[in-house]
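Below is one structure, written out as structure tokens, with a few remarks after it.
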Amino acid sequence: MTGGLPKTSPENILVTIPPDLPHVIVITMNRPATLNAMTPELRDDIGKVMDYFENEPSLWAAIITGSGRAFSAGMDLGAWLKEQSSGQLTNYDDVKTPGPGIGSISKRNSKKPIIAAVNGFAVGGGFEMVLNCDLVVAATNAKFGYPEATRGVTVAAGGLPRLVRVAGHQLAAELLFTGRIIGAEEARDRFRFINAVVPLDQVLSTALQFAKAITANSPDAVQSSKVGIICAEQEGGLDAATVAHVHSRETERMFKGENITEGLKSFVEKRKPQWVKPRL
């Protein structure tokens, strides 16, 4: 690795790199008493680690999860009330400012895969974080929703258009307008933003299985594919998305890098490929 992990507080997050999966980083939000409600300190610590992840060539996938009964209950509404009552509009200023969003995840434009391991409640800003992850593993007891309208606010940190994109206009409107909370199976089968629903004690291990499968592949190819997904979501049409993808830095790196030669050579030689770190 290019350097040690950034300094963070264990009262906010726990960070591990599994010994058997050296290309995977696991971030656990660690404020269980508050259902991992988001604070500036928690956001900043996640941001430090995610920025490190983005720039560390040896890390190819990240997992974000929570401790206790919740993934994240979103913004700390008590702190928000104090700011609003004093005339401060910090949250409004935050959503208007470009950046990685709630939990340093909800608007992050990462070129590497991020997996959400949802161990309980993921509501409000916590749900916004989940919807910007590439894969979602949820416990059978997990809950999702946007109760913002029931508290006089709106969804403004990237999660609203992402919900429309995956679920469609009418189903998105159902959650946004009513504030209804849904379970994991309905989220998977009706709203279509979950990859796997498993018992609570299998959530992290299932996320790690996904990460293992991802990091067994060429990191250059995976990161080019991630950019291709982003282009498909953000560009105006299929042709524009394809052009943006093939002209991206990540795709150029894939075609010019060592891993494409190694992948083709290993196929011809009938052996397992030995991938090298991407040149970020």
Side-chain angles (χ1 to χ4, degrees), residues 8-16 18 25-47 49-50 62-81 91 101-106 114-133 135-151 153 155 157 159 162-163 175-176 178-191 193-211:
T8 58
S9 171
E11 295 180 356
N12 291 322
I13 60 171
L14 304 175
V15 184
T16 57
I25 193 165
V26 181
I27 304 170
T28 303
M29 293 177 280
N30 195 35
R31 301 183 70 237
T34 64
L35 301 181
N36 297 314
M38 195 55 55
T39 64
E41 294 78 17
L42 176 56
R43 176 201 62 205
D44 290 348
D45 273 0
I46 296 173
V49 178
M50 287 302 299
I63 296 173
I64 180 82
T65 190
S67 61
R69 298 188 298 117
F71 176 83
S72 175
M75 300 300 295
D76 186 328
L77 297 186
W80 192 346
L81 174 61
N91 284 286
I102 293 174
S104 197
I105 296 285
S106 72
I114 304 172
I115 303 170
V118 185
N119 53 300
F121 287 96
V123 295
F127 189 19
E128 295 201 75
M129 293 171 65
V130 167
L131 285 179
N132 198 31
C133 292
L135 285 82
V136 181
V137 178
T140 51
N141 65 305
K143 303 292 183 184
F144 303 86
Y146 286 135
E148 275 84 343
T150 69
R151 296 294 179 260
V153 297
V155 178
R162 290 189 174 90
L163 180 61
L175 289 192
L176 291 161
T178 67
R180 188 167 76 85
I181 305 300
I182 61 173
E185 292 187 357
E186 184 177 6
R188 178 193 62 195
D189 300 337
R190 189 163 175 249
F191 290 84
F193 59 81
I194 290 180
N195 297 85
V197 177
V198 298
L200 176 60
D201 62 358
Q202 296 177 24
V203 169
L204 185 55
S205 62
T206 303
L208 287 166
Q209 288 171 12
F210 275 120

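With sequence neighbours excluded, the residues that form a side chain to side chain donor-acceptor pair (under 3.5 Å) with Ser67 are Asn30. Not counting sequence neighbours, the partners of Ala70 by the side chain to side chain contact (heavy atoms under 4.5 Å, CB included) test are Leu35, Phe121. Asp45 is linked by a side chain to side chain contact (heavy atoms under 4.5 Å, CB included) to Thr8, Ser9, Asn12, Ile13, Lys48, counting only residues two or more places apart in sequence or in another chain. Take Glu11 and apply the side chain to side chain donor-acceptor pair (under 3.5 Å) test, not counting sequence neighbours, and it matches no residue. Applying the salt bridge (Lys or Arg N to Asp or Glu O under 4.0 Å) rule to Arg69 yields no partners; only residues at least two apart in sequence or on another chain are considered. Considering only residues two or more places apart in sequence or on other chains, Thr34 meets the side chain to side chain donor-acceptor pair (under 3.5 Å) condition with Arg31. Scanning for ring-ring contact (aromatic ring centres under 6.0 Å, His included) contacts around Phe127 gives Phe144, Tyr146, Phe193, with sequence neighbours left out. Listed by chain and number, the residues in a side chain to side chain contact (heavy atoms under 4.5 Å, CB included) with Asp44 amount to none (sequence neighbours excluded). Applying the side chain to side chain contact (heavy atoms under 4.5 Å, CB included) criterion to Thr16, with sequence neighbours excluded, gives Val26. Every residue meeting the side chain to side chain donor-acceptor pair (under 3.5 Å) condition with Ser104, not counting sequence neighbours, appears here in chain and number order: Arg108. Taking the salt bridge (Lys or Arg N to Asp or Glu O under 4.0 Å) definition, one finds that Glu186 meets it with Arg180, Arg190, sequence neighbours left out.
Between Met50 and Ile27 the shortest side-chain heavy-atom distance falls below 4.5 Å. Residues Met29 and Met129 are in side-chain contact: their nearest non-hydrogen atoms beyond the backbone lie under 4.5 Å apart.
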Extract all donor-acceptor atom pairs below 3.5 Å that involve side chains of residues 199-210 and protein atoms in other chains or at least two apart in sequence.
| residue | atom | partner | partner atom | Å |
| --- | --- | --- | --- | --- |
| Ser205 | OG | Gln202 | O | 3.1 |
| Thr206 | OG1 | Gln202 | O | 2.6 |

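The CG atom of Leu163 sits 5.5 Å away from the CG atom of Leu175 when rounded to the nearest 0.5 Å. From Ile25, atom CD1 reaches atom CD1 of Ile64 across 10.0 Å, with rounding to the nearest 0.5 Å. Taken from CD1 in Ile63 to CD1 in Ile115, the straight-line distance is 5.0 Å, to the nearest 0.5 Å.
When all heavy atoms of Ala184 and Val197 are compared, the pair lying nearest together is O-CG2, 3.8 Å. Contact record, Val130 with Phe71: CG2-CE2, 3.6 Å, taken as the closest heavy-atom pair. Here the closest non-hydrogen pair linking Ser72 and Asn36 is OG-O, 2.8 Å. Across Pro147 and Val123, no two heavy atoms sit closer than the pair CD-CB, 4.2 Å. When all heavy atoms of Ile102 and Gly125 are compared, the pair lying nearest together is CD1-CA, 3.6 Å. Pairing each heavy atom of Gly120 with each of Asn141, the nearest pair is CA-ND2, 4.3 Å.
Looking at Ser106, its side chain does come within 3.5 Å of a backbone N or O of Ala157 through a donor-acceptor pair. For the pair Asn195 (side chain) and Val137 (backbone), a donor-acceptor distance under 3.5 Å is absent.
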